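Notes to accompany the following structure.
Source: prediction; values computed, not measured. Counting convention: from 1, in listed order, for ligands and their atoms alike.
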Amino acid sequence: MTEALSKYLEAGRIAARLKDEAARIVAVGVPLLEVCERLESMTVELGGKPAFPVNIGVNEVTAHYTSPAGDPQTIPEDSMVKVDVGVHVDGYIADTAVTLTLNHEYDGLVSSAEEALLRATEALRPGVKVSEIGAVIERAIMRSGHRPVRNLMGHRIERYRLHTGKSLPNVSGIEGGIVEEGEVYAVEPFSTLQEAAGFVQDTAETYIFRYNREKRLRSRDAAELLDRIKQQHRFLPFASRWLRPTSPASSLDQAFRELVKERCIVPYRVLVEASGRPVSQAEHTVLVEKDGCRVIT
Ligand code: MN
Ligand code: MN
């Protein structure tokens with residue numbers, strides 16, 4: 001076994017255990033911050049590092065939400081909760097998500113994303129067009145009486161790069177190349193209700209960022225903060241919450257604002273389903289092998 005393969009498998013094992021833990025701790029009234037922090041600290045206890053902050057998406061909140069420091073939100077009654085975790089071992093990333101439901105009315109919506117993920121991983125092999133994977137996902141979700149979220153996609157993963165190169169659409173009709181042996185993909189169907197708009201839109205909320213570019217900065221605090229971000233996270237996404245414990249709040253806020261303004265770091269906006277309908281997600285990271293793909297999460 002190559003070193004890269006064993007590190008992918010280790011990252012995948014850790015990520016899978018985080019999903020089990022998420023299922024154990026998500027319950028009505030639990031603070032979202034507690035879920036994020038518990039899973040992130042468990043990542044380190046198990047020998048990995050977070051590849052991105054734990055994303056927790058309640059109902060129509062579809063992606064890119066992580067608790068800010070002091071987040072007062074708790075898990076609401078009758079909700080559906082997506083927990084999306086990323087683990088890396090020496091830069092080899094596993095990205096996986098589970099949807100937990102506190103309302104059995106949503107069971108069908110949750111299983112539609114899971115079924116689509118299963119079908120997509122069965123179809124994913126060298127030589128298949130990425131457009132074909134989109135068609136497989138769309139078919140599975142429509143068959144269950146639901147609607148795929150059309151503007152979110154799976155993605156290729158490379159060492160220390162979470163989203164790179166080819167994308168895997170969740171609907172038919174989107175061309176984007178051919179799957180090749182040796183590639184790593186995160187496959188992630190999102191499913192919503194039939195009557196929903198079926199796409200996500202940006203909000204103004206931003207809790208997750210990543211390094212973008214170098215620039216001469218006016219303040220020394222900002223330059224030091226950018227250095228620290230580069231060293232600790234490279235191009236991987238990080239939570240603004242993670243910067244808290246090591247910098248005094250006021251100067252940190254100012255430095256942080258300067259980095260955003262100069263586009264040295266860029267935000268991931270929280271994405272919500274455009275018609276406010278609940279969204280389910282299922283995600284695995286897979287390695288494309290000779291005759292198919294290996295699910296590592
Ligand atoms: Mn993910
Ligand atoms: Mn992903």
Looking at Glu188, the N/O/S atom that lies nearest to the Mn ion (ligand 2) is called OE2
Q.
Is it the case that atom CD in Glu77 sees more than 12 heavy atoms from other parts of the structure closer than 6.0 Å?
A. no
Could you label the plane-to-plane angle of the Tyr92 and Tyr8 rings as parallel, tilted or perpendicular, counting under 30° as parallel and over 60° as perpendicular?
perpendicular
Over 60° means perpendicular and under 30° means parallel, so classify the ring planes of Tyr211 and Phe235, tilted if in between. perpendicular
N, O or S atom of His155 closer to the Mn ion (ligand 2) than 2.8 Å: yes
Among N, O or S atoms, Glu283 approaches the Mn ion (ligand 1) most closely through OE1
Handout entry: N/O/S from Asp95 sitting under 2.8 Å away from the Mn ion (ligand 1)
Key = yes
Quiz prompt | Residues Glu188 and Lys82 bridged, charged N to O under 4.0 Å | solution = no
